[in-house]
Student: 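After the C-alpha cells below, expect a handful of questions from me.
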There are 2 protein chains.
Amino acid sequence: MFSKSTEYALRAVIYIAKWSSESNKLGIEPIAKAIDSPKSFTAKILQKLTRNNRLILSVTGPNGGFYMTEEAKETSMMKVLMLLEEDHIITKCVLGLQECSETNPCPMHSRYKLIKPLLKDMFESKTIRHLIEELDEENITLGNVLSIGRKQK
Amino acid sequence: MFSKSTEYALRAVIYIAKWSSESNKLGIEPIAKAIDSPKSFTAKILQKLTRNNRLILSVTGPNGGFYMTEEAKETSMMKVLMLLEEDHIITKCVLGLQECSETNPCPMHSRYKLIKPLLKDMFESKTIRHLIEELDEENITLGNVLSIGRKQK
DNA sequence: GACGAAAAAGACAAAAAAATCTTAAAATTT
DNA sequence: AAATTTTAAGATTTTTTTGTCTTTTTCGTC
Ligand code: FES
Ligand code: FES
C-alpha cells in the first residue's frame, strides 16, 4: 500500500507521539530499534518531516532528539500522508490511468469508487492520538515480533 | 496501489480479453499502443503470463500474437493478481509489519480490517468478463486520453 | 527449403528507491 | 573554549524497478 519510506515514517511518527514530549526527546537509535527500521535511513526520513516543523520537532546536542507537541498528536493520518506526499491511494487509479475520475474512468472504477471514500475516511478519522491509544491495548505493536533480537543495521 | 508492471499487465489482459479470440490474435504493438505502455516492457510482462498458459496464450509467426480463450475470460481479477504475485493489498499491513493479522496487529489494524474484505471482495467478484463489458460503456477506457497522439516509445 | 512475421529470450541501460557512511553543525556540559 | 552528544546534511552505494535493444526461436507462406 505504501513505500518503505512511508511505512517507516508512519511507524516512527506514532512511536514518537507515544513516547516523547517536550521534556522527553527520543534519539534516532531507540526509535529505529523500536520500529524495526534502518537507522540512518529513518533519520533521513524524519529530517524531512522536521523541515517544516509541522509535525515532528527536533533538537541537536545532549538530551536532544525528536519529539512532538501534544497539539501535533491530534493530527489526522490523512494529514500525515499529505505531508509525506503519499496520498495516492486516495487519488490514483487501480489500473494506473493518469487520473481516477468520473470523466475518464477505467473498467474497475465503478467498483473502486465505492471503496475509495472508505479508505479516505479511515485515514481522515484516525488521529495519531487514536493510534497511540490503540498501542495501550494488548498485543498491538509497531515492531515485528519476528525481528526481536535480530541484529540491528 | 500496484506497481507499473502490474498496472500494465492488468490493462493488457483486459485489452486482450476484449479484442482477441482464438481466431484473432493481437500483436504486442497494437496492445501497447492501446493501453499506453512501453512496448518491449509490456512484451516481457506478457511473456511471464503466457509461461504457465493459464491466462494468456500466444503463438509466434505470421498471424501470431496474444489471445485468450473464452473460458479464461471468466477469471476473477483476484486470480489474475495472484498469477502476477501482487496480492499484497489483501495480505499486507498498512504500516508495513511483516504480517497483517489479529495475532500481532498494528494500531491501524482495527480499522483496516473492516476495509480489507471489501477490497478483496472487489477483486474476487469482478471477472475479466465483467470488465470488458464495462468497456462497452461510454467513456470507459484503458488508455490515457491525455496521451492520444503522444509519441510511442 | 528460403523468407518473413511474429513472440521468446537474454543482455544491457537508466531511473528510482532503499540504505549506508562521512562530515558538519548545533547545543549542552565541563 | 574544549569535549561530548546529538541531529543535519550530503555523498555514495546497493538494490529494485522500469525500460530498451539485440539475437534467437517458432511458425506460416511462398
Ligand atoms: S479510474 Fe481507475 S479506479 Fe477510478
Ligand atoms: S496489522 Fe497493520 S493493518 Fe493489519
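Note that these values count all heavy atoms, side chains included, but never hydrogens, waters or copies made by symmetry. Throughout, a chain's letter reflects where its sequence line sits, starting with A, and its residues are numbered from 1.
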Student: Roughly, in whole Å, what's the span from CD1 in B:Ile45 to P in C:dA9?
Tutor: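 It works out to 15 Å between those atoms.
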Student: Hey, does B:Leu46 reach any base, or is it just sugar-phosphate, or nothing, if we go heavy atoms under 4.0 Å?
Tutor: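 No contact.
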Student: Between the side-chain atoms of A:Lys44 and the base atoms of D:dT7, is any donor-acceptor pair under 3.5 Å?
Tutor: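 When only heavy-atom distances are counted, A:Lys44 does not reach the base of D:dT7 through any donor-acceptor pair under 3.5 Å.
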Student: Under 4.0 Å between a side-chain N or O of B:Arg51 and OP1 or OP2 of C:dA9?
Tutor: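 B:Arg51 to C:dA9 OP1/OP2: side-chain N or O found under 4.0 Å.
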Student: Without decimals, in angstroms, what is the distance between B:Lys39 NZ and C:dA5 P?
Tutor: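 After rounding, the reported distance stands at 14 Å.
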Student: Under the 3.5 angstrom rule, does the side chain of B:Asn24 hit a backbone N or O of B:Trp19 as a donor-acceptor pair?
Tutor: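 Judged by distance alone, yes, a pair lies under 3.5 Å.
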Student: Under the 3.5 angstrom rule, does the side chain of A:Arg129 hit a backbone N or O of A:Glu70 as a donor-acceptor pair?
Tutor: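 Between the backbone of A:Glu70 and the side chain of A:Arg129 there is a qualifying donor-acceptor contact (under 3.5 Å).
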Student: Can B:Lys92 and A:Glu7 be counted as an ion pair, charged N to O under 4.0 angstrom?
Tutor: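 Counted as a salt bridge, because a side-chain N and a carboxylate O are separated by less than 4.0 Å.
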Student: Rounding to a whole Å, what distance do you find between B:Glu29:CD and C:dA7:P?
Tutor: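 Those two atoms, CD and P, are 9 Å apart.
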Student: So, does B:Tyr8 get its side chain near the phosphate of D:dG19, meaning an N or O under 4.0 Å from OP1 or OP2?
Tutor: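 So the side-chain polar atoms of B:Tyr8 do come within 4.0 Å of the phosphate oxygens OP1 or OP2 of D:dG19, strictly under.
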Student: Quick check: closest heavy atoms across A:Pro107 and B:Leu131, and the distance to 0.1 Å?
Tutor: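 Scanning both residues, the minimum pair turns out to be O-CD2, 3.3 Å.
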Student: Please state how far atom CD1 in B:Ile28 lies from atom C1' in D:dC21, giving the value in whole angstrom units.
Tutor: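 It works out to 15 Å between those atoms.
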Student: Find the distance A:Phe2:CZ to C:dA17:P and express it as a whole number of Å.
Tutor: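 Taking CZ of A:Phe2 and P of C:dA17, I get 16 Å after rounding.
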Student: If only side-chain N and O atoms of A:Ser5 are considered, is one of them under 4.0 Å from the OP1 or OP2 phosphate oxygen of C:dA17?
Tutor: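 So the side-chain polar atoms of A:Ser5 never come under 4.0 Å of the phosphate oxygens OP1 or OP2 of C:dA17.
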Student: Could you tell me whether a side-chain N or O of A:Arg11 sits under 3.5 Å from a main-chain N or O of B:Leu95, the two making a donor and an acceptor?
Tutor: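 Looks like yes, one N/O pair under 3.5 Å.
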Student: Does A:His130 use its side chain to pair, donor to acceptor, with the backbone of A:Thr127 at less than 3.5 Å?
Tutor: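 It does hold such a pair.
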Student: Closest to the B:Gln47 side chain: C:dA9, D:dT7, D:dT18?
Tutor: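 Of the options given, the side chain of B:Gln47 lies nearest C:dA9.
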Student: Could you identify which residues of residues 55-72 of chain B place a heavy atom less than 4.0 Å from some atom of DNA chain C, listed by residue number, or say none?
Tutor: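 Here the set is B:Ser58, B:Val59, B:Thr60, B:Gly61, B:Pro62, B:Gly65, B:Phe66.
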Student: Could you state the NZ-P distance from A:Lys4 to C:dA19, rounded to the nearest angstrom?
Tutor: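 Rounded to the whole Å, the gap is 6 Å.
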Student: By nearest atom, which of the nucleotides C:dA7, C:dA19, C:dC21 is closest to the A:Ser40 side chain?
Tutor: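 When the side chain of A:Ser40 is considered, C:dC21 is the closest of C:dA7, C:dA19, C:dC21.
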Student: Between B:Phe41 and A:Leu26, just flag the one whose closest nucleotide in DNA chain D comes earlier from the 5' side.
Tutor: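 It is A:Leu26 whose nearest nucleotide is closer to the 5' end.
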Student: Any chain of hydrophobic side-chain contacts (each under 4.5 Å) joining B:Leu57 to B:Met68?
Tutor: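 Different clusters: B:Leu57 never reaches B:Met68 through Ile, Leu, Val, Met, Phe, Trp or Tyr contacts under 4.5 Å.
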